[in-house]
Each structure stands twice: as C-alpha cells, then as structure tokens.
Amino acid sequence: MAYTVPKLKDFSPAALDSAVRELLSALEVETAQAGSAEERKSFRDRWLGRKDGILTQSNDLWLKAAPKEAKREVGQRVNKLKAEVEQKVEAAFRKAASATTRPSLDISLPGIRRPLGAEHPIIRTMNEIVGVFKNLGYSVAEGPVIETDYYNFEALNFPPNHPARDTQDTIFIAGQESKPQRDRLLLRTHTSPVQTRAMEKHRPPIRVVAPGKVHRSDTPDASHSPIFHQVEGLAVDTNITFSDLKGTLDHAMKELFGSDVKTRFFPSFFPFTEPSADVQVSCFKCRGTGRIGDQPCRLCKASGWIELLGCGMVDPKVLEFHKDNGYDPEKVSGFAFGMGVERIAMLKYGIDDIQLFFHGDVRFLEQFA
Ligand code: DAH
C-alpha cells in the first residue's frame with residue numbers, strides 16, 4: 001500500500017517521532033523504486049509537489065492541525081523533516097538522472113581516423129634483401145642478439161686475444177669474469193654467429209640468410225650507430241666455388257640496385273673466410289663514371305665504385321667445428337657473405353645520416369609509406 005500522511009490524534013513527542021520515522025522509511029522505499037525518468041519525476045512531485053505533495057500534507061495534517069500547546073514542538077519537527085526530505089528527494093533525483101543519461105550519438109560526425117603505420121625503411125630494406133635470396137632458394141635463419149664469445153668469435157676462427165677481434169668494438173655484458181671466456185655474454189657484433197648456429201642445426205647442403213640486429217661500441221655520427229642491422233648469408237654444399245659466390249652476389253646486387261650495375265671483388269680479410277673479398281658495385285648515381293655532368297659524383301666520391309659487403313669462401317677451420325654434422329672440409333665447401341642494411345638503405349634512398357633511422361621522426365618515416 002502506498003504511503004499516505006496520517007492524521008494525528010496524539011501530538012506527544014513519542015507519537016510525532018513514530019510518525020516521522022514511518023514517513024522517512026516510506027521515502028526510502030520509494031526512492032529505491034523510482035527508476036525510469038518518468039517514475040523519478042512523479043516520485044519528486046509526490047513528495048515535494050506544492051499543492052498536494054507529502055511534505056505539504058504533513059504541514060497541513062500535522063502542523064496546522066496541532067493544538068496550540070503542541071505547535072512549537074510540532075513546528076520544529078516538521079521543519080527538520082522538510083529539510084531532510086527535500087534534500088533526500090533532490091539527491092535521489094539528481095543521482096538517478098546522471099546515471100541514466102547517455103551521451104547522445106551523432107552518427108553524422110566523422111569517425112576517428114587512425115593513421116596507417118608504414119614499414120620502417122630498415123625493415124623494408126631487410127625484407128627486400130631477404131626476398132632476393134628467398135627467390136634463389138635460401139631459407140631464413142635467426143639467432144640471439146645476446147651471444148656468447150664462442151659463437152660471436154671463437155667458432156668463427158677469431159681465437160682468444162687475436163687482433164682481428166679489435167676490428168669489432170664489442171659491447172660486453174658486465175660481471176662475467178668468473179665464467180670461461182667462451183661462455184661470456186656480449187651483444188653480437190655481426191650476424192655471422194648465425195652461420196655457426198645454422199650449421200649446428202642442419203646438415204649440408206645448406207643455404208640460409210640471417211637478417212638481424214647487431215651492436216658495436218661506436219660513437220654515433222652520420223655513418224655510425226651503436227645499433228645497426230645486417231643480413232648474413234651462408235651456402236655449403238659439394239663443389240661450391242668462388243664462381244658461385246660471384247654469380248650469386250652479382251645477381252643479388254643487380255636485383256637490389258638495378259640490372260645495369262656491375263660488381264667487382266677486392267681481396268680482403270675475415271678470419272672465417274679464405275679467401276675473403278670486399279664487394280663493390282658500380283655507382284648507380286653516376287653509372288660508374290665518377291662524374292655527374294662536370295661535377296665529381298659525391299655518392300662514390302668520384303671513384304665510380306661503392307663498397308657494399310664482405311664475403312668469402314668459408315674457412316676450412318670453421319667447417320671443422322661442424323665436422324661431426326657433415327661439414328667435412330675435405331668433402332664440402334661453401335661461401336658466406338654479410339652486408340649492412342643501413343648502408344644499403346642509405347644508398348638506395350639517398351639518405352645522408354644514419355641517425356635518421358633511429359630518431360623515430362614521423363616526418364622522415366612517413367616518406368616510406
Ligand atoms: N661479419 C662481417 C662484419 O660484420 C661481415 C662478413 C664478411 C660476413 C665476410 C661474412 C663474410 O659472412 O663472409 O664485418
């Protein structure tokens with residue numbers, strides 16, 4: 001039964017208290033029941049309505065009807081009650097209102113445009129290089145960026161304390177002195193350790209490329225960065241010759257820089273290849289002439305050639321480490337190569353500062369989108 005304000009016969013404090021308690025508990029019940037916007041509005045009218053609301057009725061039926069001697073007492077209670085009920089009804093009304101109003105949806109507003117990302121020029125170049133070798137039947141191999149001394153140096157025929165180690169300024173992990181040297185950790189200085197890992201895992205014949213990140217303790221400048229990327233290659237099989245190496249890399253350079261580039265191989269040294277060579281490609285800017293109009297070509301420093309990568313025939317001493325897995329240097333031979341991805345990307349896209357790759361400046365990066 002809905003609450004109605006009772007007429008009072010007894011205006012004693014005790015009777016007033018109980019009438020007030022009943023009214024307040026009815027208020028509590030009805031507050032909880034007022035859900036929809038419509039219900040809340042009639043709830044408020046029912047309690048606070050000027051003409052016939054419950055508060056007005058309590059004023060009429062309790063205060064106005066009270067005998068003279070009880071007026072003071074009743075007046076105080078009705079005033080207090082009025083303040084309490086008004087506050088409670090308004091609070092309940094506001095609370096429910098804010099809980100049920102939803103922001104209106106304007107479907108004609110434009111949506112949120114999420115800017116499309118673009119492949120980073122380094123990843124893109126790396127994928128392009130890997131793609132060239134995939135087309136030649138190579139698989140992709142990977143290895144850890146944190147390597148042991150054994151994989152980064154020893155198994156590649158850099159013996160402990162050999163001066164060839166000094167050509168790669170290495171970042172070592174601290175606190176490893178108690179370990180044997182070959183187990184000490186470092187950030188790999190090249191992707192060549194993946195050659196070793198691949199030969200441990202797979203018997204010959206093998207053809208793999210290994211793209212990845214490498215680190216060296218170099219001070220950053222326009223052509224050096226302590227972090228950079230390489231793509232390594234390894235092919236081992238019966239009767240692999242230097243001609244296979246030349247043919248493969250000549251083809252790869254033509255794929256990457258255009259079919260009219262020429263390649264030449266210069267004697268070089270790497271501990272893990274013998275013989276070793278540096279590969280140069282004819283400058284694709286001045287077409288190998290060293291000049292653009294009557295100006296010297298700046299890209300190749302007027303030489304007509306650009307040095308791009310290291311390579312060579314896998315040193316028998318390296319194969320020897322994997323003799324038990326089928327890499328008997330008497331029976332198989334192979335070639336290896338390694339190239340710097342940043343350098344190739346810089347040449348391909350005409351970028352003159354390696355640092356641009358690592359700043360994350362969208363104005364630079366979005367040009368490759
Ligand atoms: N690892 C060498 C470097 O970082 C590059 C290299 C040279 C890799 C000759 C090879 C290679 O596989 O045969 O300087």
Side-chain angles (χ1 to χ4, degrees), residues 126 129-130 132-133 136 138-145 147 149-158 162-171 186-199 206-218 223-237 240-250 252-253 263-281 307-319 321-322 327 329 332-344 354:
M126 199 148 85
I129 299 168
V130 167
V132 169
F133 289 97
L136 293 173
Y138 283 64
S139 321
V140 178
E142 280 184 316
V145 174
E147 264 296 7
D149 188 282
Y150 173 78
Y151 284 104
N152 198 76
F153 290 125
E154 195 181 328
L156 292 167
N157 194 33
F158 292 78
H162 192 279
R165 289 179 173 227
D166 297 344
T167 62
Q168 307 201 345
D169 289 322
T170 310
I171 298 174
L186 47 79
L187 299 186
R188 69 177 177 193
T189 56
H190 50 178
T191 43
S192 305
V194 186
Q195 290 187 31
T196 302
R197 292 185 174 275
M199 285 190 279
I206 189 173
R207 280 168 181 76
V208 289
V209 277
K213 190 175 287 183
V214 302
H215 293 79
R216 293 203 195 166
S217 176
D218 283 332
S223 55
H224 293 85
S225 161
I227 302 176
F228 57 104
H229 299 78
Q230 293 186 332
V231 176
E232 189 80 15
L234 173 72
V236 182
D237 203 341
I240 298 259
T241 68
F242 202 90
S243 306
D244 297 312
L245 170 60
K246 285 184 80 173
T248 302
L249 289 180
D250 184 72
M253 293 306 117
T263 53
R264 67 178 185 181
F265 290 67
F266 254 59
S268 184
F269 173 78
F270 299 100
F272 41 93
T273 44
E274 182 60 35
S276 304
D278 284 328
V279 182
Q280 301 180 345
V281 298
E307 194 165 308
L308 264 189
L309 67 144
C311 66
M313 301 306 291
V314 181
D315 194 304
K317 283 197 177 141
V318 171
L319 295 174
F321 275 88
H322 311 285
Y327 293 87
V332 294
S333 56
F335 62 74
F337 55 86
M339 56 190 96
V341 179
E342 279 76 2
R343 186 166 157 72
I344 291 177
I354 194 172

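Only heavy atoms go into these numbers, but all of them, side chains included; no hydrogens, no water, no symmetry mates. Atoms within each ligand, like the ligands themselves, are counted from 1 in listed order.
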Nearest heavy atoms of Y138 and L234, plus distance in Å: CE2-O, 3.9 Å
task: Mind listing the closest non-hydrogen atom pair of P193 and E147 along with its distance?
output: CB-OE2, 3.7 Å
- prompt: In the protein, what heavy atom is nearest to atom 11 (C) of ligand 1, and what distance, to one decimal place, separates them?
  reply: F272 CE1, 3.4 Å
query: What atoms of ligand 1 come within less than 4.0 Å of a heavy atom belonging to T273?
result: 13 (O)
message: List ligand 1 atoms under 4.0 Å from Q230, heavy atoms only on the residue side.
response: 3 (C), 4 (O)
- request: Decide whether an N or O pair under 3.5 Å exists between A336 and ligand 1.
  value: yes
- request: Please could you name the atoms of ligand 1 that F270 approaches to less than 4.0 Å, counting only its heavy atoms?
  value: 7 (C), 9 (C)
- prompt: Numbering the atoms of ligand 1 from 1, which are under 4.0 Å from a heavy atom of S192?
  reply: 1 (N), 8 (C)
- prompt: Which of the numbered atoms in ligand 1 are below 4.0 angstrom from a heavy atom of F337?
  reply: 8 (C), 10 (C), 11 (C), 12 (O), 13 (O)
field: Taking every non-hydrogen atom, the tightest pair across S217 and T170
entry: CB-O, 4.2 Å
statement: Closest non-hydrogen atoms of C311 and L245, given as atom of the first, atom of the second and distance, are SG-CD2, 3.9 Å
task: Mark yes or no for whether R188, through its side chain, and K213, through its backbone, hold a donor-acceptor pair below 3.5 Å.
output: yes
- request: Provide the closest heavy-atom pair for L156 versus Y151 in the form atom of the first, atom of the second, distance.
  value: CD1-O, 3.5 Å
field: Numbered atoms and elements of ligand 1 in range of G312, under 4.0 angstrom, heavy atoms
entry: 13 (O)
For atom 12 (O) of ligand 1, closest protein heavy-atom neighbour: E232 OE2, 2.6 Å
task: Please work out whether the ring planes of F265 and F242 are parallel, tilted or perpendicular, with thresholds of 30° and 60°.
output: perpendicular
- request: Look at the rings of F272 and F158 and say which category their plane angle falls in: under 30° parallel, 30 to 60° tilted, over 60° perpendicular.
  value: tilted
task: Taking only heavy atoms of Q195 into account, list the atoms of ligand 1 that are under 4.0 Å away from them.
output: 12 (O)
query: Where does R188 meet ligand 1, judged by heavy-atom distances below 4.0 Å: at the side chain, the backbone, both, or neither?
result: neither
task: Report the part of C311 in contact with ligand 1, treating N, CA, C, O as backbone and CB onward as side chain, heavy atoms under 4.0 Å; options are side chain, backbone, both, neither.
output: backbone
field: H224 to D218 - nearest heavy-atom pair and separation
entry: CD2-OD2, 4.0 Å
query: Which option out of M339, R216, H190 puts a heavy atom nearest to atom 14 (O) of ligand 1?
result: R216
